[in-house]
Visitor: 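Take a look at the following structure, please.
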Number of protein chains: 2
Amino acid sequence: MSRVTGKIKRMSLRYALVGLLAEEPMSGYDLTKRFAVSLANAWPAQHSQIYPELARLLDLGWIRQTGQGPRGRKVYEATPEGVSALREWLTSTEPDRTLRHEPILRAFFRWTLEPDQAAQQFRTDARAYAAKLAELEDLAGSLDWESSPADRCGRLALEAGLRLYRLLSEWAEWAAERVEAGTLDDSDPPA
Amino acid sequence: MSRVTGKIKRMSLRYALVGLLAEEPMSGYDLTKRFAVSLANAWPAQHSQIYPELARLLDLGWIRQTGQGPRGRKVYEATPEGVSALREWLTSTEPDRTLRHEPILRAFFRWTLEPDQAAQQFRTDARAYAAKLAELEDLAGSLDWESSPADRCGRLALEAGLRLYRLLSEWAEWAAERVEAGTLDDSDPPA
DNA sequence: CTATACATGTAACAAGTTACATGATTAA
DNA sequence: TTAATCATGTAACTTGTTACATGTATAG
């Protein structure tokens with residue numbers, strides 16, 4: 001869908017906003033918090049990206065304002081048109097399954113460091129991922145995941161984050177061990 | 001008062017180019033292929049991003065042209081200044097360990113679909129990841145990973161990709177099974 | 001000859017980040 | 001009263017994608 005002069009726009013953020021507002025009416029501020037916690041490991045976004053997108057969604061008629069609160073708080077909900085567009089996106093466009101992760105890129109170039117230092121960096125990665133995993137486990141444990149289909153679906157998605165951070169931590173630890181075993185030495189590699 | 005922009009530029013592409021050219025002299029065309037194969041699962045990049053960046057690197061003195069070939073081919077290598085800057089990046093800047101992956105985002109919103117369709121999408125994901133894994137396994141099998149520290153380091157990085165695609169495939173399969181077991185049904189969730 | 005791969009570049013746009021900017025409400 | 005949090009927005013810039021644009025060498 002959404003081809004403008006042949007260019008395919010992804011607009012993941014746009015659909016994510018509609019999706020969150022389809023679940024429950026919320027303000028831009030609330031949405032920002034959602035992107036900082038549950039969605040942080042799938043599609044992080046800042047408020048500076050969210051507010052202008054909400055304006056565009058209002059314009060499209062995919063969301064509407066349903067209330068207001070103190071301090072200029074504006075509460076929105078998804079319209080039927082918005083939910084319909086979200087479903088269209090989910091069913092009629094191909095997901096982008098690209099992986100792009102800076103720590104893996106860095107790993108490619110650690111042969112330029114002293115092996116000791118390279119190994120240490122892999123261990124730092126491992127610890128950082130373990131910390132992220134612990135954070136996510138806290139989040140997973142603190143929420144009520146059985147209350148609605150949306151929450152249970154969120155739990156399925158969050159599971160990916162848990163598994164990914166566990167994997168990355170183990171990978172980095174494994175790489176550190178390989179480097180310590182001499183993998184990056186100039187001389188012959190170990191058996 | 002020094003508000004001299006505390007803007008942290010990441011410039012991963014810049015350092016990746018220097019890193020590849022530190023290993024072996026290459027042209028922009030060769031680099032583009034590297035980003036399309038071995039680096040595709042860590043930091044994909046198109047030629048339209050690579051050529052302008054090479055010009056900037058020349059300007060910085062981090063690379064230099066060492067030869068030319070037919071059809072205007074230009075071969076570059078990293079300078080000592082470039083390698084030094086790469087090492088500085090690796091040792092003195094914090095990696096961005098963010099995960100951003102569209103299929104996980106989509107998973108959050110599949111509660112808006114019929115459970116059957118949601119399960120089918122998870123199975124499609126699983127198959128797509130398995131295909132990516134098979135591709136990467138081919139690549140891993142086709143290269144000589146023992147010839148240099150750089151190659152052996154590349155193998156460590158590539159291992160992350162192998163493990164990630166395996167994990168994502170298994171996760172999607174698991175999610176499909178959960179959905180088929182009734183996780184997204186309106187009624188009570190299964191035990 | 002002619003299609004494919006090689007080879008380099010630019011332009012227009014989309015997406016994302018950091019900083020700037022402002023102000024209201026609430027709790028200590 | 002003052003710091004933290006709530007709350008919304010814009011500006012400037014960086015990064016990444018798709019399309020445009022051009023031309024050469026080689027293999028069938």
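Letters A, B, ... mirror the listed sequences (proteins, then strands); counts begin at 1. Note that these values count all heavy atoms, side chains included, but never hydrogens, waters or copies made by symmetry.
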Visitor: Can you measure A:K33 atom NZ to D:dT5 atom C1' for me and round it to whole angstrom units?
Guide: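 For the pair A:K33 NZ and D:dT5 C1', the rounded distance is 10 Å.
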Visitor: At less than 4.0 Å, is any side-chain N or O atom of A:R71 found next to OP1 or OP2 of C:dT25? Yes or no.
Guide: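 No, because none of the side-chain N or O atoms of A:R71 sits under 4.0 Å from OP1 or OP2 of C:dT25.
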Visitor: Do the side chain of B:S27 and the base of C:dT8 come within less than 3.5 angstrom through a donor-acceptor pair of N or O atoms?
Guide: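 Answer is no: no donor-acceptor pair is held.
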Visitor: Ignoring backbone atoms, test whether B:K74 places a side-chain nitrogen or oxygen under 4.0 Å from the OP1 or OP2 oxygen of C:dG9.
Guide: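 True: B:K74 side-chain N/O within range (under 4.0 Å) of C:dG9 OP1/OP2.
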Visitor: Run the ring-centre check on B:Y15 versus B:W62 and record whether the distance is less than 6.0 Å.
Guide: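 Yes - the distance between ring centres of B:Y15 and B:W62 falls below the 6.0 Å cut-off.
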Visitor: Between the side-chain atoms of B:S12 and the base atoms of D:dT15, is any donor-acceptor pair under 3.5 Å?
Guide: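 Result: no qualifying N/O pair found.
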Visitor: Out of C:dT8, C:dA14, C:dT26, which nucleotide sits closest to the side chain of A:K9?
Guide: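 The answer is C:dA14.
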Visitor: Show the numbers, then the answer: is there a side chain to side chain donor-acceptor pair (under 3.5 Å) between A:R152 and B:T183?
Guide: CA-CA 7 Å; A:R152 294 195 294 271; B:T183 294; 5.9 Å; no
Visitor: Grab the CD-P distance between A:E102 and C:dG16 for me, whole Å please.
Guide: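 It works out to 17 Å between those atoms.
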Visitor: How many Å lie between CG on B:L39 and P on D:dG16, as a whole number?
Guide: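 Going from B:L39 (CG) to D:dG16 (P), I get 13 Å.
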Visitor: Round to the nearest Å and state the distance from B:M11 atom CE to C:dT17 atom C1'.
Guide: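 My rounded result for the distance is 14 Å.
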Visitor: List the steps, then state whether side chain to side chain donor-acceptor pair (under 3.5 Å) holds for B:T79 with B:R64.
Guide: CA-CA 7 Å; B:T79 61; B:R64 80 177 141 236; 5.8 Å; no
Visitor: Could you tell me how far apart B:R73 (CZ) and D:dT26 (P) are, to the nearest whole angstrom?
Guide: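 Going from B:R73 (CZ) to D:dT26 (P), I get 12 Å.
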Visitor: On DNA chain C, nearest-nucleotide positions of A:G72 versus B:P70: which is more 5'?
Guide: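 It is B:P70 whose nearest nucleotide is closer to the 5' end.
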Visitor: Which whole-number value in Å describes the distance from B:R56 CZ to D:dT14 P?
Guide: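 B:R56 atom CZ is separated from D:dT14 atom P by 10 Å.
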Visitor: Return the value, rounded to whole Å, for the distance between atom CD of A:E53 and atom C1' of D:dT10.
Guide: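 After rounding, the reported distance stands at 15 Å.
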Visitor: Could you state the atom-to-atom distance from CD of B:Q46 to C1' of D:dA21 in whole Å?
Guide: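 Atom-to-atom, B:Q46 to D:dA21, this comes out as 17 Å.
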Visitor: For the residue pair B:E102 and A:D96, what are the closest heavy atoms and their distance?
Guide: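 Result for this residue pair: OE2-N, 3.4 Å.
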Visitor: Kindly say if A:Y51 contacts the phosphate of D:dT8, meaning a side-chain N or O under 4.0 Å from OP1 or OP2.
Guide: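 Checking A:Y51 against D:dT8: at least one side-chain N or O falls below 4.0 Å of OP1 or OP2.
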Visitor: Can you see if the side chain of A:R100 gets near the phosphate of D:dT17 - specifically, an N or O under 4.0 Å from OP1 or OP2?
Guide: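 So the side-chain polar atoms of A:R100 do come within 4.0 Å of the phosphate oxygens OP1 or OP2 of D:dT17, strictly under.
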Visitor: Are A:T98 and B:R100 close enough, and set up right, to give a side chain to side chain donor-acceptor pair (under 3.5 Å), and what steps lead you there?
Guide: CA-CA 9 Å; A:T98 302; B:R100 185 195 293 278; over 6 Å; no
Visitor: Nearest-nucleotide wise, let me know which of B:R10 and B:P52 is further upstream toward the 5' end of DNA chain C.
Guide: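 Checking each residue's closest nucleotide, the 5'-ward one belongs to B:P52.
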Visitor: Counting only side-chain nitrogens and oxygens, does B:Y29 get under 4.0 Å of the OP1 or OP2 atom of C:dT8?
Guide: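 Checking B:Y29 against C:dT8: no side-chain N or O falls below 4.0 Å of OP1 or OP2.
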